[in-house]
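As structure tokens, the structure follows; a few thoughts come after it.
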Amino acid sequence: MNRPVINTYFLPDLIPAGATMAPTAVVIDVLRATTTAAAALAAGAAGLIPVETVEEARALAEQLTPRPLLGGERQGLPISGFDLGNSPASYDDRVRDRWIVFTTTNGTRAIHACRGCRRVLLAAFVNLSVVVDRLVGLDRVDIVCAGTGGRIPLEDVLCAGALLDLWTDGEPDNWQLDDGSLLALDAWQRHARHWTGRTWLVDRLRLSQGGRNLTEIGQEADIELAATIDAHPVVPEWHWPANRIVRAD
Ligand code: MLT
């Protein structure tokens, strides 16, 4: 039996230059881009269009008919003139049937770093199980953590570990896990042993750089939302070169 190969990159910049990426990538930005993408699609958004700069987002919104919503953040805060920030809580009925041009500091960059993959799925704790369901049977997958300002992100690495734990189902030896995947799995399992309910995960995410940034700007409520496992059981899939994130078929 072929053992599926899984590589985990703790930052997009750690993908070796010129590497052939796996046919399927999973991008993780728990705080908050991939959590928010899942929340938006769960709330009935038509889809998201991830762009890397604020200027690009504004220009694209002008061109499209009907006019899409603009969403995203810089330094965690809503962008001037945008309809929505990057809080998953704000992606509610307002986004139903709407397209959202979306730009965030690290998340949208991580998504675009996976242009070489045939399928790109977005994962977070809020859609963990449904993403794992999509991975069953695949023989090569890359997991890409978005990071926080170029730093390795505790929350994304824990989420990668949780995903690997669920997927490998106690039999990691049946998979070919690279060192990044083994580290993520170890980090998750070490902590999961002390699991006493959701508070543990919330506390952990609070300690991360991304969590501290959100606390500093008064958006710590989003940490709890992001720690709610399987709250939004939808799989956002990014299509390139169409550059659209929609629910996976
Ligand atoms: C990012 O892409 O850097 C984030 O999702 C940051 C945030 O929401 O604060």
Side-chain angles (χ1 to χ4, degrees), residues 9-15 25-43 45 47-58 69-80 82-92 95 100-115 120-128 131 143-160 201-202 204-228 231-232 236 238 243 245:
Y9 301 106
F10 291 164
L11 290 170
D13 289 344
L14 294 176
I15 301 171
V26 177
V27 176
I28 301 177
D29 184 3
V30 171
L31 297 174
R32 296 164 288 182
T34 55
T35 297
T36 299
L41 294 182
L48 299 100
I49 308 174
V51 298
E52 295 189 52
T53 69
V54 172
E55 296 67 36
E56 222 183 319
R58 288 200 176 108
L69 296 169
L70 279 164
E73 56 69 40
R74 283 298 178 270
Q75 273 113 42
L77 296 167
I79 299 162
S80 159
F82 274 38
D83 306 286
L84 300 155
N86 196 25
S87 170
S90 59
Y91 288 68
D92 52 18
V95 304
I100 304 150
V101 179
F102 189 59
T103 183
T104 72
T105 314
N106 305 285
T108 46
R109 220 184 125 239
I111 293 168
H112 281 273
C114 298
R115 285 182 187 179
V120 180
L121 309 179
L122 310 191
F125 285 107
V126 294
N127 66 352
L128 196 67
V131 171
I143 300 175
V144 179
C145 300
T148 306
R151 297 194 197 174
I152 290 175
L154 174 63
E155 70 280 18
D156 298 345
V157 174
L158 285 175
C159 186
L201 185 55
V202 175
R204 220 59 211 160
L205 298 194
R206 249 192 220 123
L207 273 185
S208 68
Q209 183 63 55
R212 293 200 303 272
N213 293 348
L214 289 176
T215 304
E216 258 168 44
I217 58 171
Q219 301 200 7
E220 62 269 43
D222 286 351
I223 299 173
E224 277 210 39
L225 296 179
T228 311
H232 298 306
W238 179 58
N243 195 25
I245 297 170

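Below, each value reflects all heavy atoms present in this structure, side chains not excepted, and no hydrogens, waters or symmetry copies. When a ligand or atom number is given, it counts from 1 through the structure's own listing order.
- Heavy-atom contacts of Ala33 reach the following atoms of ligand 1: 5 (O) (cutoff under 4.0 Å).
- Applying the salt bridge (Lys or Arg N to Asp or Glu O under 4.0 Å) rule to Arg206 yields the partners Asp203; only residues at least two apart in sequence or on another chain are considered.
- With respect to atom 8 (O) of ligand 1, the closest heavy atom belonging to the protein is Asn86 ND2, 2.6 Å.
- With sequence neighbours excluded, the residues satisfying side chain to side chain contact (heavy atoms under 4.5 Å, CB included) with Pro78 are Gln219.
- If you check which protein heavy atom lies closest to atom 9 (O) of ligand 1, you get Arg32 NH2, 3.1 Å.
- You'll find the side chain of Leu214 stays beyond 4.5 Å of the side chain of Glu220, heavy atoms only.
- Residue Gly76 has no nitrogen or oxygen atom sitting less than 3.5 Å from a nitrogen or oxygen atom of ligand 1, judged on distance alone.
- Remark: Asp29 does not engage Arg109 in a salt bridge, criterion side-chain N to carboxylate O under 4.0 Å.
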task = Decide side-chain contact (heavy atoms from CB on, under 4.5 Å) for Leu122 and Ile245; before the verdict, give the C-alpha distance in whole Å, the side-chain angles of both, and the deciding distance to 0.1 Å.
result = CA-CA 9 Å; Leu122 310 191; Ile245 297 170; 3.8 Å; yes
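- Looking at Thr108 next to ligand 1, no N or O pair under 3.5 Å apart turns up.
- Interface atoms of ligand 1 facing Leu31, defined by a heavy-atom separation under 4.0 Å, are 4 (C), 5 (O), 6 (C), 7 (C).
- Between Gly107 and ligand 1, at least one N/O pair is under 3.5 Å apart.
- With respect to atom 3 (O) of ligand 1, the closest heavy atom belonging to the protein is Asn106 ND2, 2.6 Å.
- Ligand 1 places these atoms under 4.0 Å from at least one heavy atom of Thr104: 1 (C), 2 (O).
- For atom 6 (C) of ligand 1, the closest non-hydrogen atom of the protein is Glu73 OE2, 3.4 Å.
- For the pair Thr228 (side chain) and Glu224 (backbone), a donor-acceptor distance under 3.5 Å is present.
- Distance check: Phe102 CZ to Phe82 CZ gives 10.5 Å after rounding to the nearest 0.5 Å.
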